[in-house]
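Okay, structure first, notes after.
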Number of protein chains: 2
Amino acid sequence: MSLRHGLLGLLAEGPASGYDLTRRFEQVLGAVWPAGHPQIYGELSRLASDGLIEIDSEGPRGRKAYRITESGMTEIRRWLRDSSEVDHTTRLQSLLRSFFFWLMEPADLNDHLMREADFFAAAAGRYRAYADAADRAEATDTPQQRSQRIAIEGGARLYEALAAWARWAADRTELTGDRRRPL
Amino acid sequence: MSLRHGLLGLLAEGPASGYDLTRRFEQVLGAVWPAGHPQIYGELSRLASDGLIEIDSEGPRGRKAYRITESGMTEIRRWLRDSSEVDHTTRLQSLLRSFFFWLMEPADLNDHLMREADFFAAAAGRYRAYADAADRAEATDTPQQRSQRIAIEGGARLYEALAAWARWAADRTELTGDRRRPL
DNA sequence: ATTCCCATGTAAGCTGTTACATGATTCA
DNA sequence: TGAATCATGTAACAGCTTACATGGGAAT
């Protein structure tokens with residue numbers, strides 16, 4: 001039920017449409033919790049029929065903005081407090097793959113690890129840039145801003161750790177000069 | 001298709017039954033790629049009817065051990081090599097939650113972060129202990145062992161990073177003496 | 001006019017979880 | 001003989017992805 005509560009959490013910041021929420025998932029939350037528009041629109045309908053959100057306004061081309069209700073706020077707060085709702089499931093295909101690296105040819109493995117390192121470093125860089133921007137800004141003292149800062153730090157540290165791991169693994173697997181392939 | 005290839009990868013090490021594979025997921029892979037027995041038995045049937053694995057032996061109480069076939073080996077190697085199969089999707093509820101920390105009361109948040117730090121530190125400790133054991137052992141030079149060492153390091157670094165993040169966040173959110181709750 | 005972006009939705013299929021169901025073997 | 005563990009499976013449901021489908025509004 002994470003998507004449900006993710007939507008409630010975003011709507012707790014203020015009214016937004018399915019389209020808005022889709023973009024926020026794409027741009028910010030997507031790196032740690034992806035969600036496409038079909039899932040979002042579907043869940044919004046369910047949230048509305050359960051009375052946790054309601055239509056705030058209707059705009060131009062069929063646009064519908066939703067607003068969180070009192071019971072929606074109660075529900076998101078209950079979810080955040082209830083420790084039995086915390087789910088530590090993680091699915092990192094990159095780590096799963098690493099159990100099977102011994103099946104790869106050294107040159108292919110080296111390529112793969114370089115690509116992985118690049119991908120993770122890029123993700124880390126995006127989060128770290130966000131974090132730096134937040135630190136440079138004044139008036140970072142609303143609870144929202146402080147909490148967002150923590151989230152960003154989490155993303156940065158996660159991807160920094162994975163990037164460092166991929167580089168470490170690439171070093172361990174290093175090939176002798178002539179067999180190393182350029183990217 | 002990660003589970004499919006996860007099973008192929010494990011079977012590349014040698015024959016195993018659905019029960020064996022379920023336990024390996026539970027004990028080792030489970031922390032980065034969980035899979036329950038209903039999913040595993042179902043996928044094994046499909047792999048067998050696709051000719052990627054075959055029955056190796058039948059044992060006591062209905063036990064069936066599977067063995068990877070030539071085309072199974074080809075398929076797992078293809079999957080490992082093909083960079084378009086790499087999936088960087090990550091779903092970390094802990095990070096998703098952190099975007100909504102501003103909705104929590106400080107005391108509840110502090111409790112939550114302590115629990116998170118404990119959980120991640122425990123997971124990191126298990127992986128780190130494995131890594132140390134591997135480093136102390138002699139004859140760690142088969143490709144399997146080297147590759148397993150990399151996988152373990154990944155798990156350790158991932159959970160160490162998340163533990164450090166949770167502690168950092170708890171420090172930032174720290175309460176003044178009397179409101180801090182003991183665990 | 002045409003293209004691009006805004007904006008919403010449905011349908012089919014795949015992946016994953018929970019609950020149910022069964023029976024053999026081992027050990028105390 | 002009773003409990004624990006081994007061992008396999010099915011059914012129902014929940015969650016998520018991909019492809020399809022539609023149309024309004026803005027800008028060139």
Side-chain angles (χ1 to χ4, degrees), chain A residues 1-8 10-11 15-27 29-50 53 55-66 79 84-93 96, chain B residues 1-8 10-11 15-27 29-50 53 55-66 79 84-93 96:
Chain A
M1 305 277 276
S2 285
L3 175 64
R4 190 176 180 81
H5 294 98
L7 291 171
L8 282 176
L10 288 179
L11 286 170
S17 68
Y19 190 82
D20 297 336
L21 296 164
T22 301
R23 278 184 314 172
R24 290 209 58 194
F25 268 89
E26 231 171 71
Q27 291 165 8
L29 304 181
V32 298
W33 200 274
H37 80 266
Q39 216 193 337
I40 289 172
Y41 285 116
E43 194 60 48
L44 286 173
S45 300
R46 252 167 277 137
L47 282 164
S49 73
D50 292 347
I53 63 176
I55 290 173
D56 178 67
S57 66
E58 310 207 20
R61 51 215 118 179
R63 177 191 166 91
K64 273 182 286 179
Y66 291 93
W79 181 73
S84 73
E85 295 268 20
V86 178
D87 180 0
H88 288 110
T89 304
T90 72
R91 278 171 201 283
L92 290 179
Q93 204 200 56
L96 179 67
Chain B
M1 306 280 275
S2 286
L3 175 64
R4 188 175 182 82
H5 295 99
L7 292 171
L8 282 176
L10 288 179
L11 287 170
S17 68
Y19 189 81
D20 296 336
L21 295 164
T22 301
R23 276 184 316 174
R24 289 208 61 193
F25 268 89
E26 230 173 73
Q27 291 164 9
L29 303 181
V32 298
W33 201 274
H37 80 267
Q39 216 191 336
I40 289 173
Y41 285 116
E43 195 59 49
L44 286 173
S45 300
R46 253 168 275 138
L47 282 164
S49 73
D50 292 346
I53 63 176
I55 289 173
D56 178 67
S57 66
E58 308 208 21
R61 51 215 119 183
R63 177 190 166 95
K64 273 183 285 180
Y66 291 94
W79 181 74
S84 73
E85 294 268 19
V86 179
D87 180 1
H88 289 109
T89 304
T90 73
R91 278 171 203 284
L92 289 179
Q93 204 199 57
L96 180 67

Round to the nearest Å and state the distance from [X] atom [atom1] to [N] atom [atom2].
| X | N | atom1 | atom2 | answer |
| --- | --- | --- | --- | --- |
| A:R46 | D:dC16 | CZ | C1' | 11 Å |
| B:Y19 | D:dA4 | OH | C1' | 10 Å |
| A:E43 | D:dC16 | CD | P | 9 Å |
| A:I40 | D:dT17 | CD1 | C1' | 13 Å |
| B:K64 | D:dC6 | NZ | P | 19 Å |
| B:Y41 | D:dA11 | OH | C1' | 17 Å |
| A:E26 | D:dC16 | CD | P | 17 Å |
| A:D50 | D:dA14 | CG | P | 13 Å |

With a 4.0 Å cut-off (strictly under) to non-hydrogen atoms of chain A, the first and last hit nts on DNA chain C, 5' to 3', are C:dC6 to C:dT17
Between [atom1] of [X] and [atom2] of [Y], what distance do you get to the nearest 0.5 Å?
| X | Y | atom1 | atom2 | value |
| --- | --- | --- | --- | --- |
| A:L44 | A:T22 | CG | OG1 | 8.0 Å |
| A:Y66 | A:S45 | OH | OG | 5.0 Å |
| B:L7 | B:Q39 | CG | CD | 8.5 Å |

Would you find a donor on one side and an acceptor on the other, under 3.5 Å apart, between the side chain of B:T90 and the backbone of A:A31? yes
N-O pairing of B:E43 and B:R46 below 4.0 Å: yes
Any side-chain N or O of A:Q39 less than 4.0 Å from the OP1 or OP2 oxygen of D:dG15? no
Closer than 4.0 Å, any side-chain N/O of A:R61 to the OP1 or OP2 of D:dG23? no
Regarding A:S17, tell me which of base, sugar-phosphate or nothing describes its non-hydrogen contacts under 4.0 Å with the strands shown. sugar-phosphate
Quick one: label A:R91 by what it contacts on the DNA or RNA (base, sugar-phosphate, nothing), any heavy atom closer than 4.0 Å. sugar-phosphate
Which string of ( ) [ ] | and . matches DNA chain D, if you list each base 5' to 3' and count Watson-Crick or G-U pairs only when both distances are under 3.5 Å? ||||||||||||||||||||||||||||
Evaluate the criterion salt bridge (Lys or Arg N to Asp or Glu O under 4.0 Å) for residue pair B:D20 and B:R63; output intermediate values, then yes/no. CA-CA 10 Å; B:D20 296 336; B:R63 177 190 166 95; 2.7 Å; yes
On DNA chain D, compare the nucleotides closest to B:S45 and A:L3; which residue's is nearer the 5' end? B:S45
Assign each of A:P38 and B:D20 to its nearest nucleotide of DNA chain D by heavy atoms, then name whichever residue's nucleotide is nearer the 5' end. B:D20
Quick one, A:L47 and A:R4 - any side-chain contact, counting heavy atoms below 4.5 Å? yes
Can you list the residues that meet the salt bridge (charged side-chain N to carboxylate O under 4.0 Å, His left out) rule with A:D56, with sequence neighbours excluded? A:R67
Which comes earlier along DNA chain C counting from the 5' end, the contact point of B:H37 or that of B:P60, where each point is its nearest nucleotide? B:H37
By nearest heavy atom, map B:M1 and A:G18 onto DNA chain C; which one lands nearer the 5' end? A:G18
Nearest non-hydrogen partners of A:Y19 and A:Y41, listed with the distance: N-OH, 3.5 Å
Locate the shortest heavy-atom distance separating A:W33 from A:F25; write the atom from each residue and the value. O-CD2, 3.2 Å
